[in-house]
There are 2 protein chains.
Amino acid sequence: MSLLPDNESAVRAAAVFAALGDPTRLALVERLRDGRAHSIMQLSSGFDLTRQGVTKHLSALEAAGIVIRKRTGRQTHFSIERKTLENSAAYLASVSQQWDETLGRLETLLAKTRD
Amino acid sequence: MSLLPDNESAVRAAAVFAALGDPTRLALVERLRDGRAHSIMQLSSGFDLTRQGVTKHLSALEAAGIVIRKRTGRQTHFSIERKTLENSAAYLASVSQQWDETLGRLETLLAKTRD
DNA sequence: CATAAATGCAACCTCCTGGTTGCGCGTTTT
DNA sequence: AAAACGCGCAACCAGGAGGTTGCATTTATG
């Protein structure tokens, strides 16, 4: 019995978190916070990475649904997919919230008495 | 110039996300949603993993500050550190929120005109 | 049309990660 | 005091992730 996240939202959440888990990728997201679309050249500048390296990370973000790619002419622009981040934020919030509702710190102590 | 997340909150956020990025680890967090403290034996049951394997994951979660370890007698209990998840949720929310505030979809289009 | 610019694609390499096994050590239990 | 329980630690291993180089491709520019 492998009870890995059968929960749909949890599965996707894991993918999103994995994508955001890399420092470079998170930095890229930070760069996209302005909500505008940036080309790969723009995004590559400032990193100790090859353009191809950055592209890989952007593809990873795209695969996780965090970012949207759109080619225009000879350059490719990336922008943030707001909804994905919102969902993940909501997921995390729900976890800590449930922790809050059900018993929380008190039960934590009582658990030690049980079994 | 390597402009990796100099921002403190972003650095920690990356660590937390990396920890939550693994399906097994996220499943463990799911199991701890009840807010109570569970022993390693309890948490191990149901996974296609060795106890030592699960322990490794729990240690990773602990290192990221997502979980708290407390040894009592011969068994070790883990429980959720609510604040860490709250912070990460807030971080994600702030990113998508800023996207919303600043221009968002409109500017996304305009950006294509620029440079 | 020749060339430069911006990107895509594939092969390759290294190192970290997730997983295992084996064993030792403190704590209950009988 | 044995034996069983719950756990920590170390070594080890395969595979994937992050990164590179090299070249092909498409689009703009002079």
Side-chain angles (χ1 to χ4, degrees), chain A residues 1-5 11 14-29 31 37-64 66-79 111-115, chain B residues 1-5 11 14-29 31 37-64 66-79 111-115:
Chain A
M1 177 198 352
S2 120
L3 47 75
L4 285 185
V11 205
V16 173
F17 293 146
L20 294 177
D22 180 89
T24 302
R25 241 129 53 197
L26 195 58
L28 284 172
V29 171
R31 278 209 170 184
H38 299 262
S39 76
I40 295 187
M41 280 275 88
Q42 295 177 226
L43 293 173
S44 299
S45 77
F47 287 96
D48 287 341
L49 278 192
T50 319
R51 168 188 58 83
Q52 290 90 325
V54 174
T55 300
K56 271 197 177 182
H57 284 296
L58 288 171
S59 298
L61 288 173
E62 182 194 18
I66 300 175
V67 135
I68 291 184
R69 153 191 267 133
K70 180 163 190 177
R71 182 142 198 179
T72 308
R74 70 179 162 186
Q75 54 190 9
T76 301
H77 293 268
F78 287 87
S79 54
K112 279 186 270 178
T113 312
R114 260 184 328 103
D115 78 320
Chain B
M1 176 200 347
S2 120
L3 46 78
L4 284 186
V11 206
V16 173
F17 293 147
L20 294 178
D22 181 89
T24 303
R25 241 127 56 195
L26 195 59
L28 284 171
V29 171
R31 276 209 171 184
H38 298 262
S39 77
I40 294 187
M41 279 274 89
Q42 296 176 224
L43 292 174
S44 298
S45 76
F47 288 95
D48 286 341
L49 279 191
T50 320
R51 168 188 57 84
Q52 290 91 324
V54 174
T55 299
K56 272 197 175 181
H57 284 297
L58 288 171
S59 298
L61 288 173
E62 182 194 19
I66 301 175
V67 136
I68 292 184
R69 151 190 268 135
K70 180 163 190 176
R71 181 143 198 178
T72 309
R74 70 178 161 186
Q75 55 190 7
T76 301
H77 293 267
F78 287 87
S79 53
K112 279 185 269 175
T113 311
R114 257 184 330 102
D115 77 320

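What you are looking at is a predicted structure, and each value in this text was computed from that prediction instead of being measured. Chain naming here is simple, since letters A, B, ... match the order of the sequence lines and numbering starts at 1 in each.
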**Q** Would you mind reading off the distance between R74(A) atom CZ and dA28(D) atom P, rounded to a whole angstrom?
**A** 7 Å

**Q** Not counting sequence neighbours, which residues clear side chain to side chain contact (heavy atoms under 4.5 Å, CB included) with A64(A)? List them please.
**A** A19(A), I66(A)

**Q** Please report, rounded to the nearest Å, how far the P atom of dA4(D) is from the CE atom of M41(B).
**A** 16 Å

**Q** CG of L43(A) versus C1' of dT7(C): gap in Å, rounded?
**A** 13 Å

**Q** Who are the side chain to side chain donor-acceptor pair (under 3.5 Å) partners of R69(A), not counting sequence neighbours?
**A** E62(A)

**Q** R69(B) has a side chain; which of dG8(D), dT27(D), dT7(C) sits nearest to it?
**A** dG8(D)

**Q** Figure out the NE2/P separation between H77(A) and dT27(D), and round it to whole Å.
**A** 14 Å

**Q** Any side-chain N or O of T76(A) under 4.0 Å from OP1/OP2 of dG8(C)?
**A** yes

**Q** Rounded to the nearest angstrom, tell me the gap between atom CZ in R71(A) and atom C1' in dT26(D).
**A** 6 Å

**Q** Side chain to side chain contact (heavy atoms under 4.5 Å, CB included) with A18(B): which residues, sequence neighbours excluded?
**A** none

**Q** Measure the distance from CG on L58(B) to P on dG6(D) and round it to the nearest whole Å.
**A** 16 Å

**Q** Could you go through nucleotides 17-22 of chain C and list every protein N or O atom that sits under 3.5 Å from one of its N or O atoms, giving the distance for each pair?
**A**
from	atom 1	to	atom 2	distance (Å)
dG18(C)	OP1	R25(B)	NH1	3.2
dG18(C)	OP1	R25(B)	NH2	3.2
dG18(C)	OP2	R25(B)	NH1	3.3
dG19(C)	OP2	H57(B)	NE2	2.3
dG19(C)	N7	K56(B)	NZ	3.0
dG19(C)	O6	K56(B)	NZ	2.3
dT20(C)	OP2	T50(B)	N	2.9
dT20(C)	OP2	T50(B)	OG1	2.7
dT20(C)	O5'	T50(B)	OG1	3.2
dG22(C)	O6	Q52(B)	NE2	2.8

**Q** Please name all residues satisfying ring-ring contact (aromatic ring centres under 6.0 Å, His included) with F78(B), sequence neighbours left out, ordered by chain then number.
**A** none

**Q** Whole Å only: how far is the CD atom of Q75(A) from the P atom of dA4(C)?
**A** 19 Å

**Q** Could I get the full list of side chain to side chain contact (heavy atoms under 4.5 Å, CB included) partners for R74(A), not counting sequence neighbours?
**A** none

**Q** Quick one, H77(B) and T72(B) - any side-chain contact, counting heavy atoms below 4.5 Å?
**A** yes

**Q** Just the rounded figure in Å: distance from P of dG18(D) to CG of L28(A).
**A** 12 Å

